[in-house]
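Here the structure comes first, spelled out in structure tokens, and everything after it is commentary.
Everything quoted here is computed from the prediction, not taken from an experiment. FYI, the numbering just counts along the sequence from 1. Below, each value reflects all heavy atoms present in this structure, side chains not excepted, and no hydrogens, waters or symmetry copies.
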Amino acid sequence: MENALITTVMTAEPVTVDRSDPISEAYAILKRAPFHHLPVLDGDEPVGLISSTDILELAYDVQGSEEENLMVFLDHQFNMDDAMTATLVSVPESATIRDAAEVLGDGKIHSVLVIGSNGLLEGIVTTTDLVRFLLAQL
């Protein structure tokens with residue numbers, strides 16, 4: 001189990017947004033999705049990660065606005081770079097589940113990108129993925 005490859009638990013071909021997309025697009029995806037993290041790409045290259053929390057932190061000062069007005073405000077005032085986390089934590093696709101668990105184990109982050117040998121995004125692994133894997137082992 002400890003030497004199982006990360007590809008066993010990663011979400012392959014995760015939903016992504018482009019760095020040039022409006023924040024409202026990321027918000028719309030996250031609002032209806034069963035996940036909480038979106039890799040941000042610049043072309044094919046991963047450059048960041050955005051979550052609902054990141055977007056809500058931008059919107060904090062305009063609480064109480066209707067949702068549509070809020071999204072218009074965010075799109076006009078901010079871009080993806082303003083909201084995303086640009087310091088990426090990643091593992092190669094040859095990493096093990098244990099490697100991912102060690103990275104995610106301190107609780108400071110909740111997802112790690114899986115990068116292929118070509119430097120492109122292959123998948124994403126979250127703490128939820130690791131817990132589901134652990135439950136399947138019990």
task = Please name all residues satisfying side-chain hydrogen bond (donor to acceptor under 3.5 Å, both in side chains) with E102, sequence neighbours left out, ordered by chain then number.
result = R98
inquiry  = So which atom in L49 and which in L88 form the shortest heavy-atom distance, rounded to 0.1 Å?
reply    = N-CD2, 3.9 Å
Let me check something: any side-chain donor-acceptor pairs from residues 105-125 under 3.5 Å, sequence neighbours excluded? List them with distances.
unit_1: D106; atom_1: OD1; unit_2: K108; atom_2: N; d: 2.9
unit_1: N118; atom_1: OD1; unit_2: L120; atom_2: N; d: 3.0

Partner set under side-chain contact (heavy atoms from CB on, under 4.5 Å) for A101, not counting sequence neighbours = L130
key: Closest heavy-atom pair and its distance - I6, A100   = CD1-CB, 3.1 Å
ask   = What pair of heavy atoms forms the shortest contact from D54 to I50, and how long is it?
value = OD2-CA, 3.4 Å
Partner residues of D82 under the side-chain hydrogen bond (donor to acceptor under 3.5 Å, both in side chains) criterion, sequence neighbours left out = none
Return all side-chain donor-acceptor pairs below 3.5 angstrom for residues 28-45, not counting sequence neighbours, or 'none' if the list is empty.
unit_1: K31; atom_1: NZ; unit_2: E67; atom_2: OE1; d: 3.0
unit_1: K31; atom_1: NZ; unit_2: E67; atom_2: OE2; d: 2.7
unit_1: R32; atom_1: NH1; unit_2: A28; atom_2: O; d: 3.2
unit_1: D42; atom_1: OD2; unit_2: R19; atom_2: NH1; d: 3.3

request  = State, to 0.1 Å, how close P22 and D75 come at their nearest heavy-atom pair, and which atoms those are.
outcome  = CB-OD1, 3.4 Å
query = Looking at residues at least two apart in the chain, or sitting in another chain, which of them share a side-chain hydrogen bond (donor to acceptor under 3.5 Å, both in side chains) with S90?
reply = none
task = Write down the atom of F78, the atom of I23, and the distance for their closest heavy-atom approach.
result = CB-CD1, 3.5 Å
key: Separation of N79 CG from D21 CG (nearest 0.5 Å)   = 11.0 Å
query = Pairs in or reaching into residues 123-136: which pass side-chain hydrogen bond (donor to acceptor under 3.5 Å, both in side chains), with residues at least two apart or in two chains?
reply = T126-D129
task = Flag the pair E25 / D18 as yes when at least one side-chain heavy-atom distance between them is below 4.5 Å, and no otherwise.
result = no
query = Do F133 and L138 share a hydrophobic cluster (ILVMFWY, side-chain heavy atoms under 4.5 Å, transitive)?
reply = no
By side-chain contact (heavy atoms from CB on, under 4.5 Å) - contacts of T7 (at least two apart) = L5, M10, E93
query = Quick one: side-chain hydrogen bond (donor to acceptor under 3.5 Å, both in side chains) partners of T8, sequence neighbours excluded?
reply = none
request  = Give, for atom CD of Q137 and atom CG of L135, the distance between the pair rounded to the nearest 0.5 Å.
outcome  = 9.5 Å
